[in-house]
Number of protein chains: 2
Amino acid sequence: MSVPESGVISLKRLQTACESCSLFQLCLPLELAHADLEELDHIIKQRRPLQRGEYLFQMGNEFRAVYAIRSGSIKTFTTTDGGEEQVTGFHLPSELVGLDAITTGNHPCSARALETTSVCEIPFDRLEELGSRIPGLQRQLLRIMSHEILTEQDTMIWLGKKSAEARLAALLLRLSSRFKARKFSASDFNLSMSRTDIANYLGLAVETVSRLFSRFQSEGLLEVDRKHVLIKDMGALERMAGADHHN
Amino acid sequence: MSVPESGVISLKRLQTACESCSLFQLCLPLELAHADLEELDHIIKQRRPLQRGEYLFQMGNEFRAVYAIRSGSIKTFTTTDGGEEQVTGFHLPSELVGLDAITTGNHPCSARALETTSVCEIPFDRLEELGSRIPGLQRQLLRIMSHEILTEQDTMIWLGKKSAEARLAALLLRLSSRFKARKFSASDFNLSMSRTDIANYLGLAVETVSRLFSRFQSEGLLEVDRKHVLIKDMGALERMAGADHHN
DNA sequence: CGGCCGATTGAAGATGTTCAATTACCGTGG
DNA sequence: CCACGGTAATTGAACATCTTCAATCGGCCG
């Protein structure tokens, strides 16, 4: 197009302004001065929304930026030498993706949009540089990473130990609480990922996941119609998720 | 005792001096100036060694410091409301423990010595303060945390997906490579944790773990005598660890 | 409308768990 | 120093859970 870029850019900046972003509290819950916030805004790039199936980055890519999800959702996964996928996580709006690449400088996993998804790109070198000047930012970064470690550990616990039903229950509850934190319904939502992805993530066979959904439904715990889930008995799910094989 | 403290302190300082620590490269692999390194040394406290079974910290304790393990080993674990343990990790010399507590300000898990263990205590407020003054340190901190996330993810993958034999094989290989990085034998080492801890960590029954050890031995993969392990066929273990249920 | 991929369901088989009994080890106290 | 008791580890057999293989159903997109 022949239109000067400046107009487009300022429009983009408007869209990405952290201050006006409804997710900001969750994304980088800082107590920053207005001026600092503007500086942060300036380094953040808005990318063209990703279509379903598009890659945000691929395993091995050089690490340049972390990404905050604005809308939509993505899955992260590694691929073994045999070419098989191993899903490592699902990511919702306000969550940061790519933090696991800092150490090595390369992305250890791929990230792919599960639906139309828009993200903020935050170049890491500039973020670090900014962090050394803004007292609260560096601290906040550490806090976010610590939180990430905590979440992973939590995930490890239920993935490692529990029965199939406990795993699926736990996944549904986690999604539910994350939706809730984002002011969406905690009991009525859509799964953007396929059964295959869920099974892969949980370390189960697709058939097992499918059977579990059916059983949960027949037991009155929830209603499922394809991607749509309505939780009818949160308490029962919690009991399941908490329980080990037997007790 | 009535001896002036200064003498004791300078002795301690000598013991903990990062510069002379054989683990330093692994612990905080910085390119720091001598003067900066001394500053770092000054904030690090040496604690009386922990006896087997002693706690480094307990779940819920206020977060004050991160700990670098100098010798020995510890396990971290959470306890459910029912009082059952869930082991979340085993930690060897040069590894940092407690990073998962930064966000909340309280330790999300307990840490307990598996054998006589000595640690360096690094008060976090002073570390953060120091980080804002020393350019490389803050960056290194982020890098370590990122690495931690990466490790956890990795753990998640094999804990979530694989068969029992693959899990145990993977655990042995991880321990092996960590020993190797610390200049110990990669194929001949002692397990400081009990079978019960291993089983708990891997999400298996103790009996299964025990049977696996027996089987691995009968298949000539390794020799086990109680805590002592001698790996005889590293390649076979790697194939097992990489493999899913069937392939 | 047809084809195709994702999801579901059934039945047989494999893997891991549970229960129970036995053995080996370690620290304690006689 | 040895005997004792308690805990950890091992092993066997029955059972439960999850997987695999196979067939069918159902949307969705061209």
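Letters A, B, ... are given to chains in the order of the sequence lines, protein chains preceding strands, and every chain is numbered from 1.
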Participant: When the aromatic ring centroids of A:Tyr201 and A:Phe90 are compared, is their separation below 6.0 Å?
Facilitator: yes
Participant: Rounded to the nearest Å, what distance is computed from the CD atom of residue B:Glu165 to the C1' atom of nucleotide C:dA14?
Facilitator: 12 Å
Participant: Looking at A:Glu207 and A:Arg195, is there a salt bridge between them, counting it only when a charged N and a carboxylate O are closer than 4.0 Å?
Facilitator: no
Participant: Hey, does the side-chain of A:Glu207 have a donor or acceptor N/O within less than 3.5 Å of a partner on the base of D:dC21?
Facilitator: yes
Participant: Below the 4.0 Å mark, does C:dT9 have OP1 or OP2 next to a side-chain nitrogen or oxygen of A:Ser214?
Facilitator: yes
Participant: For D:dT19, take OP1 and OP2 only and decide whether either is under 4.0 Å from a side-chain N or O of A:Thr208.
Facilitator: yes
Participant: Output the rounded distance in Å from NE2 (A:His228) to C1' (C:dG6).
Facilitator: 19 Å
Participant: Rounded to the nearest angstrom, tell me the gap between atom CG in B:Asp225 and atom P in C:dC26.
Facilitator: 9 Å
Participant: Check A:Glu115 with A:Arg52, please: is the shortest side-chain N to carboxylate O separation under 4.0 Å?
Facilitator: no
Participant: May I ask you to decide whether A:Arg64 forms a salt bridge with A:Glu62, counting only side-chain N to carboxylate O separations under 4.0 Å?
Facilitator: yes
Participant: Once you apply a heavy-atom cut-off of 4.0 Å, does A:Ser194 come out as touching a base, just sugar-phosphate, or nothing?
Facilitator: sugar-phosphate
Participant: State whether B:Thr196 places a side-chain N or O below 4.0 Å from either non-bridging phosphate oxygen (OP1 or OP2) of D:dA9.
Facilitator: yes
Participant: Mind calculating the distance between NZ (B:Lys227) and P (D:dT10) to the nearest angstrom?
Facilitator: 10 Å
Participant: Let's test your reading of the model: under 3.5 Å, does the base of D:dT11 pair with the side chain of B:Arg195 as donor and acceptor?
Facilitator: no
Participant: Atom CD1 of B:Ile198 to atom P of D:dA9: distance rounded to whole Å?
Facilitator: 8 Å
Participant: Quiz question: going by heavy-atom distance under 3.5 Å, is there a donor-acceptor pair between the base of C:dT15 and the side chain of B:Arg167?
Facilitator: no
Participant: Within this structure, what is the CG-to-P distance between B:Leu202 and C:dT17, rounded to whole angstrom?
Facilitator: 10 Å
Participant: Determine the contact category for B:Arg211: base if any of its heavy atoms lies under 4.0 Å from a base atom, sugar-phosphate if only primed atoms, P, OP1 or OP2 are that close, otherwise nothing.
Facilitator: base
Participant: Side chain of B:Ser210: nearest nucleotide among C:dT18, C:dA7, D:dT10?
Facilitator: D:dT10
Participant: Nearest whole angstrom, please: distance from the P of C:dT9 to the CZ of A:Phe213.
Facilitator: 12 Å
Participant: Measure the distance from CG on A:Asn200 to P on C:dA7 and round it to the nearest whole Å.
Facilitator: 13 Å
Participant: Check this for me: does any side-chain nitrogen of one of A:Arg112 and A:Glu54 sit under 4.0 Å from a carboxylate oxygen of the other?
Facilitator: no
Participant: Taking the side chain of B:Ala205 as its heavy atoms from C-beta onward, which of C:dT18, C:dA7, C:dC26 lies nearest to it?
Facilitator: C:dT18
